[in-house]
Visitor: 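Take this structure, written in structure tokens, and hold onto it; I'll ask about it next.
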Amino acid sequence: MHRLLLVDDEPMLREELQESLEFEGYEVMTAATVEAALNLCGEADFDLVVTDLKMPHLGGLDLIRRLNDGGTAQKIIVLSGHGAESNRAEAMDLGAIACFAKPVDPDFLAEKIGEFLG
């Protein structure tokens with residue numbers, strides 16, 4: 001079973017995506033902040049991380065940088081509700097494997113995750 005980490009500050013979206021991905025057979029852990037996500041990454045290995053780009057304090061770009069700096073680089077999908085193309089491009093430059101606009105269809109996300117994890 002693949003283990004995913006879902007990082008988003010919006011509780012309803014986080015819950016909706018978690019339920020959808022668990023229904024597809026993934027083990028999903030969630031975090032509402034970058035700090036909580038980093039703590040979870042220190043405690044468990046994840047096959048893939050899905051993170052929101054914009055969150056209070058630290059955002060998805062910060063998470064990618066810290067995972068890279070800590071030597072725990074992961075497959076990362078970025079979700080963005082904001083149209084800042086430069087941030088999306090930076091996420092890809094930092095190693096994100098995909099960037100999708102929010103709101104993201106849970107079935108579409110599950111399909112893409114399946115493709116990335118093989």
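Computed from a predicted model, the values in this text were never measured in an experiment.
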Visitor: Looking at Asp52 and Lys102, is there a salt bridge between them, counting it only when a charged N and a carboxylate O are closer than 4.0 Å?
Guide: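 Salt bridge present between Lys102 and Asp52.
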Visitor: For the residue pair Val7 and Leu40, establish whether any side-chain heavy-atom pair is separated by less than 4.5 Å.
Guide: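 Not touching, per the 4.5 Å side-chain cut-off.
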Visitor: Does the side chain of Pro56 reach to within under 4.5 Å of the side chain of Asp9, using non-hydrogen atoms?
Guide: yes
Visitor: So which heavy atom on Gln18 is nearest to which on Val28, and how close?
Guide: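 Heavy atoms only, the tightest pair is NE2-O, 3.4 Å.
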Visitor: In terms of hydrophobic clustering (I, L, V, M, F, W, Y; side-chain heavy atoms under 4.5 Å; direct or indirect links), are Leu6 and Phe23 co-clustered?
Guide: no
Visitor: Minimum heavy-atom separation for Ala44 to Arg3, with atom names?
Guide: CB-NH1, 3.2 Å
Visitor: Looking at every non-hydrogen atom in both residues, tell me the closest pair between Ala31 and Ala37 and how far apart they are.
Guide: CB-N, 3.6 Å
Visitor: Same cluster or not: Leu58 versus Leu38, using hydrophobic residues (I, L, V, M, F, W, Y) connected whenever any side-chain heavy atoms lie under 4.5 Å apart?
Guide: yes
Visitor: In the structure I gave you, are the side-chain heavy atoms of Arg65 and Leu94 within less than 4.5 Å of one another anywhere?
Guide: yes
Visitor: Ile64 and Glu90: side chain to side chain contact (heavy atoms under 4.5 Å, CB included), yes or no, with the steps?
Guide: CA-CA 10 Å; Ile64 297 169; Glu90 185 175 357; over 6 Å; no
Visitor: Is any side-chain heavy atom of His57 closer than 4.5 Å to a side-chain heavy atom of Thr33?
Guide: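 Heavy-atom side-chain distance check fails, nothing below 4.5 Å.
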Visitor: Please check if the side chain of Arg14 supplies one atom and the backbone of Asp8 the other of a donor-acceptor pair under 3.5 Å.
Guide: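 Answer holds: yes.
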Visitor: Side chains of Met55 and Val34: does their closest heavy-atom pair fall under 4.5 Å?
Guide: yes
Visitor: Going from NZ on Lys75 to CD1 on Ile113, what distance comes out if it is rounded to the nearest 0.5 angstrom?
Guide: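 Spacing of NZ (Lys75) from CD1 (Ile113) equals 11.5 Å.
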Visitor: Could you pull out the closest heavy-atom pair between Ala110 and Glu24, with the gap in Å?
Guide: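 The answer is CB-CG, 3.7 Å.
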Visitor: Within a radius of less than 6.0 Å around CG of Asp93, do more than 12 heavy atoms belonging to other residues, nucleotides or ligands occur?
Guide: yes
Visitor: State yes or no: do Leu5 and Leu48 share one hydrophobic cluster built from I, L, V, M, F, W and Y residues joined by side-chain heavy-atom distances below 4.5 Å, directly or via other members?
Guide: no
Visitor: So does Leu4 get a backbone contact from the side chain of Asp47, meaning a donor-acceptor N/O pair under 3.5 Å?
Guide: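 Side chain of Asp47 to backbone of Leu4, a donor-acceptor pair under 3.5 Å: no, none is there.
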Visitor: Which value, rounded to the nearest 0.5 Å, describes the distance between Cys41 atom SG and Leu67 atom CG?
Guide: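 Interatomic distance, Cys41 SG to Leu67 CG, rounded to 0.5 Å: 5.0 Å.
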Visitor: Nearest 0.5 Å please: distance from the CG atom of Asn87 over to the SG atom of Cys99.
Guide: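 Asn87 CG to Cys99 SG: 9.0 Å, rounded to 0.5 Å.
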Visitor: Given the rule that I, L, V, M, F, W and Y join up when any side-chain heavy atoms are under 4.5 Å apart, are Leu79 and Phe116 in one cluster?
Guide: yes
Visitor: Under a 4.0 Å threshold between the charged nitrogen and the carboxylate oxygen, would Arg66 count as salt-bridged to Asp69?
Guide: no
Visitor: Tell me the closest heavy-atom pair linking Gly25 and Met1, and the distance in Å.
Guide: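 That would be O-CG, 3.3 Å.
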Visitor: To the nearest 0.5 Å, tell me how far Ile76 CD1 sits from Phe46 CZ.
Guide: 12.0 Å
Visitor: Write down the atom of Phe100, the atom of Lys112, and the distance for their closest heavy-atom approach.
Guide: CZ-CG, 3.7 Å
Visitor: Going by the side chain to side chain contact (heavy atoms under 4.5 Å, CB included) test, name the single residue among Ile97, Leu63, Ile77 that passes it with Val49.
Guide: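 That would be Leu63; it is the only one of Ile97, Leu63, Ile77 passing the side chain to side chain contact (heavy atoms under 4.5 Å, CB included) with Val49.
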Visitor: May I ask you to check whether over 12 heavy atoms, not counting those of Glu35, lie within 6.0 Å of atom CD?
Guide: yes
Visitor: Just how far is it from atom CD of Glu10 to atom CG of Leu17, taken to the nearest 0.5 Å?
Guide: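 Between atom CD of Glu10 and atom CG of Leu17 there are 9.5 Å.
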